[in-house]
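Each chain gets a letter, A, B and so on, in the order its sequence line appears, and its residues count up from 1.
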2 protein chains.
Amino acid sequence: METKTMNIKVEKAKTSKIGQVDFDNLAFGNVFTDHMLVSNYKNGSWGVPEIVPYQPITLDPSAKIFHYGQSIFEGMKAYKDEKDAIWLFRPMDNCRRLNISAKRMAIPEIPEDYFMEGLKALLKLEKDWIPQTPGSSLYIRPFIFASGNGFHASPADEYMFIIAFAPSGAYFSGKVKVLIEEKYSRSANGGVGFAKAGGNYAGQFYPTQLAVDKGYNQVIWTDDNTHEYIEEAGAMNIFVRINDTLLTAPTSDRILDGITRKSILKIAENKGIAVEERKIAVSELIEAAKDGSLKEMFGAGTAAVISPISTFGFRDVDYDLPETPNSYAALFKKRITDIQYNRAEDNFGWRFKV
Amino acid sequence: METKTMNIKVEKAKTSKIGQVDFDNLAFGNVFTDHMLVSNYKNGSWGVPEIVPYQPITLDPSAKIFHYGQSIFEGMKAYKDEKDAIWLFRPMDNCRRLNISAKRMAIPEIPEDYFMEGLKALLKLEKDWIPQTPGSSLYIRPFIFASGNGFHASPADEYMFIIAFAPSGAYFSGKVKVLIEEKYSRSANGGVGFAKAGGNYAGQFYPTQLAVDKGYNQVIWTDDNTHEYIEEAGAMNIFVRINDTLLTAPTSDRILDGITRKSILKIAENKGIAVEERKIAVSELIEAAKDGSLKEMFGAGTAAVISPISTFGFRDVDYDLPETPNSYAALFKKRITDIQYNRAEDNFGWRFKV
């Protein structure tokens with residue numbers, strides 16, 4: 001990667017909060033580091049990013065973020081190996097995807113060097129915050145939102161790009177029970193489901209709460225037209241193993257092009273595992289659960305890494321997944337985290353040294 | 001309506017900005033009055049609303065509004081008659097719809113008396129800001145957003161409810177050219193299209209910009225499955241007149257239950273105009289445009305009131321609407337604005353004195 005030298009101004013925090021943090025008992029995304037990276041878009045261009053103390057944001061009540069949901073984000077993680085070197089996983093893919101989301105949401109694209117050089121500078125400053133507890137990592141949240149003002153329903157003229165860090169434990173604790181949803185939907189054909197747009201997430205909260213009230217952790221969304229095919233789980237892409245074949249739904253304008261998802265597909269290809277990227281009917285899942293050919297289901301995403309699914313529910317019936325020896329979920333999780341934490345060779349060029 | 005007495009604390013602005021405003025040249029939604037109403041949701045309940053000077057909002061960078069699009073709003077207007085009395089139009093319908101949106105977006109519902117009493121108190125304080133210039137009005141923006149913190153993709157634990165006012169001119173200037181969209185979509189079956197959720201608007205900006213670049217003002221959305229039927233225009237419901245019959249798409253979980261829309265349907269019924277609430281095929285529109293039976297198209301919404309459409313485009317062909325004498329658009333606009341500005345009798349019980 002080309003590394004342009006950029007002079008990133010740093011305003012250091014007067015005191016650090018790091019002593020107050022219990023790194024052995026981290027939840028997900030509710031503790032933040034001492035600094036953040038900020039760039040403002042004004043008069044048609046992004047300003048050179050600066051590092052400032054993590055601090056509140058002040059906006060006019062008419063700022064468009066409050067009214068029209070013009071916001072996008074990414075999720076990444078930083079890892080520290082045994083020699084205290086800092087690693088990222090496919091960071092340029094996040095940068096590119098942020099700009100794909102930006103285009104769809106009429107947000108100006110962030111220059112790649114602002115993203116990458118800004119992120120690296122902030123990571124170097126905050127390196128003591130990267131947890132080394134197994135299962136924990138530094139969650140990285142790049143986001144852009146409309147800070148410009150006005151009640152007219154049109155794109156804002158000003159935006160903020162921020163990168164903030166949250167040392168985090170696991171997103172899910174334990175195995176995950178999912179409900180296949182056939183009333184509510186996550187996204188439309190021709191909509192914004194492929195983008196990491198804020199509104200895609202808020203729209204899932206209510207149906208997810210209904211599922212949680214029934215004892216599930218997450219919803220698996222189906223297509224909004226027929227509700228016959230599974231799509232994704234909102235915070236995770238979904239994989240299914242039938243006999244020894246790995247299945248996942250193809251990406252589309254409704255489904256996020258997950259970085260963990262595509263890494264799994266690559267590893268599977270490398271290991272000689274049969275993969276089918278195709279529509280997966282709910283009826284097919286149920287048949288496979290009944291005849292015993294359904295061996296595994298798991299979710300894949302940056303926050304959740306790889307989350308084995310223990311049970312899926314459909315129309316008030318629960319289908320338990322078997323305990324499968326030599327599970328694909330365990331294999332992929334080991335291979336991916338070994339690369340992420342620099343514990344094994346990386347044949348794919350995914351690991352990125354900061 | 002029951003009017004509970006509520007003690008709304010008022011902190012007055014030290015100075016007023018009203019002298020700086022050119023009321024004869026108002027744009028839409030970019031000038032704000034001196035005060036706003038604020039209620040905070042914390043620890044499971046909404047606080048009694050307070051009136052404070054219009055002022056910036058300060059939030060943590062992890063506030064969920066920035067990440068997950070958890071926000072809803074309403075659009076209303078206040079009108080002043082010749083005797084300086086202040087009027088609203090069907091305000092309880094906005095309050096109820098805000099709470100319908102709230103439920104779908106997993107936002108706690110605002111008590112109706114907080115909304116209504118808060119709004120009335122703020123209107124009385126800001127009454128000098130209500131424009132009397134023809135075509136202008138005081139645009140009212142009630143909104144709720146997630147102010148609670150954390151990167152976990154789940155509903156926030158804190159929210160802000162705000163009502164802000166913007167004295168405004170017309171939303172559109174002149175007649176409106178619309179493009180019937182058949183690639184991008186606004187909403188999914190089972191999605192959040194019926195809610196006034198922020199993300200519904202941001203998702204429209206990019207396709208609308210593509211249409212603007214081709215010389216149109218707005219997009220008419222079609223269903224995301226077949227793209228064969230027109231739905232709404234994002235900031236307006238759409239009406240079509242074929243011969244003397246008024247057509248509009250039925251509301252659904254994809255289409256907003258517009259207050260101007262339902263008022264038009266009621267007035268039409270009252271005037272003996274034939275109305276059909278049913279799916280309207282694009283092919284039907286084009287046939288009617290070709291054979292001359294398509295007499296009018298117009299958009300209807302609080303911001304835009306009733307906006308006659310001069311031209312619709314479909315697949316690179318423009319279809320001009322004829323000049324129709326005794327237009328329905330003009331009839332409905334006159335009837336509705338006469339009620340709103342207290343210039344005529346209100347048989348419907350829609351006008352609400354503040």
**Student:** Using non-hydrogen atoms and a 4.5 Å limit, figure out which bit of A:Ser62 sits close to chain B: side chain, backbone, both or neither.
**Tutor:**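 For A:Ser62, backbone and side chain are both near chain B.
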
**Student:** Show, in sequence, the C-alpha distance, side-chain angles and deciding distance for B:Tyr171 and A:His152, and conclude whether the ring-ring contact (aromatic ring centres under 6.0 Å, His included) test is met.
**Tutor:** CA-CA 8 Å; B:Tyr171 194 85; A:His152 200 282; 4.3 Å; yes

**Student:** Sort B:Tyr184 into side chain, backbone, both or neither according to what part of it lies under 4.5 angstrom from a heavy atom of chain A.
**Tutor:**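 B:Tyr184 touches chain A through backbone and side-chain heavy atoms alike.
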
**Student:** Relative to the ring of B:His67, is the ring of A:Phe143 parallel (under 30°), tilted (30 to 60°) or perpendicular (over 60°)?
**Tutor:**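 Ring orientation, 0 to 90° scale: tilted.
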
**Student:** Quick one: sort the A:Tyr68 and B:Phe73 rings into parallel, tilted or perpendicular, breaks at 30° and 60°.
**Tutor:**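 Because their plane-to-plane angle is over 60°, the rings of A:Tyr68 and B:Phe73 count as perpendicular.
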
**Student:** Only pairs of heavy atoms separated by less than 4.5 Å count here; which of A:Arg254, A:Glu181, A:Lys64, A:Arg141 has the most with chain B?
**Tutor:**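 Ranked by contacts with chain B, first place is A:Arg141.
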
**Student:** Do you know which of B:Ser71, B:Ala164, B:Ser154 has the most heavy-atom pairs under 4.5 Å to chain A?
**Tutor:**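 Ranked by heavy-atom pairs under 4.5 Å with chain A, first place is B:Ser154.
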
**Student:** If you round to the nearest 0.5 Å, how far is CD1 of A:Ile65 from CD1 of B:Ile57?
**Tutor:**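 It is 11.5 Å, given to the nearest 0.5 Å.
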
**Student:** If the condition is side chain to side chain donor-acceptor pair (under 3.5 Å), which residues does A:Asn225 pass it with, not counting sequence neighbours?
**Tutor:**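 Once residues adjacent in sequence are excluded, the partners of A:Asn225 under the side chain to side chain donor-acceptor pair (under 3.5 Å) criterion are B:Asn225.
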
**Student:** Taking side chain as everything from C-beta outward and backbone as N, CA, C, O, which of these in A:Ala235 sits under 4.5 Å from a heavy atom of chain B? Side chain, backbone, both or neither.
**Tutor:**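 Interface part for A:Ala235: neither.
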
**Student:** A:Asp60, A:Asn30, A:Val192: which one forms the most heavy-atom pairs within less than 4.5 Å of chain B?
**Tutor:**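 The answer is A:Asp60.
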
**Student:** So which part of A:Lys103 gets closer than 4.5 Å to some heavy atom of chain B, the side chain, the backbone, both or neither?
**Tutor:**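 Both parts, backbone and side chain.
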
**Student:** So, the side chain of A:Asp224 versus the backbone of B:Asn189: is there a donor-acceptor pair under 3.5 Å, distance only?
**Tutor:**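 Yes, because the side chain of A:Asp224 sits within donor-acceptor range (under 3.5 Å) of the backbone of B:Asn189.
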
**Student:** Quick one: what part of A:Met36 sits under 4.5 Å from any heavy atom of chain B, side chain, backbone, both or neither?
**Tutor:**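 Contact with chain B is through the side chain of A:Met36 alone.
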
**Student:** Which answer fits A:Gln55, side chain, backbone, both or neither, if we ask what part of it has an atom under 4.5 Å from a heavy atom of chain B?
**Tutor:**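 The backbone, not the side chain.
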
**Student:** Non-hydrogen atoms of chain B under 4.5 Å away: do they reach the side chain of A:Phe66, the backbone, both or neither?
**Tutor:**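 Its backbone and side chain both get close to chain B.
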
**Student:** Do you know the tightest heavy-atom contact between B:Ala153 and A:Tyr201?
**Tutor:**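 Closest approach of B:Ala153 to A:Tyr201: CB-CD2, 4.4 Å.
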
**Student:** What residue in B:Ser185, B:Gly29, B:Ala106 has the most heavy-atom pairs under 4.5 Å with chain A?
**Tutor:**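 Greatest number of close heavy-atom pairs with chain A: B:Ser185.
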
**Student:** Name the option with the most non-hydrogen atom pairs under 4.5 Å to chain A; the candidates are B:Gly199, B:Ala202, B:Ala166.
**Tutor:**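 If we count pairs closer than 4.5 Å to chain A, B:Ala202 comes out on top.
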
**Student:** Could you have a look at A:Ala303, A:Gly75, A:Ala27, A:Gly69 and say which one has the most heavy-atom pairs with chain B under 4.5 angstrom?
**Tutor:**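 Of A:Ala303, A:Gly75, A:Ala27, A:Gly69, A:Gly69 has the most heavy-atom pairs under 4.5 Å with chain B.
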
**Student:** Top residue by heavy-atom pair count (under 4.5 Å) with chain B, among A:Ala63, A:Ala188, A:Ala146, A:Ala197?
**Tutor:**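 Answer, by heavy-atom pair count under 4.5 Å with chain B: A:Ala188.
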
**Student:** Which region of A:Phe28, side chain (C-beta onward) or backbone (N, CA, C, O), has a non-hydrogen atom less than 4.5 Å from a non-hydrogen atom of chain B, or is it both or neither?
**Tutor:**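 Contact with chain B is through both the backbone and side chain of A:Phe28.
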
**Student:** Would you say the side chain of A:Arg104 lies within less than 4.5 Å of the side chain of B:Pro207, judging by non-hydrogen atoms?
**Tutor:**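 Yes; the side chains approach each other to less than 4.5 Å.
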
**Student:** At a 4.5 Å cut-off on heavy atoms, which part of A:Tyr206 comes close to chain B: side chain, backbone, both, or neither?
**Tutor:**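 A:Tyr206 touches chain B through backbone and side-chain heavy atoms alike.
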
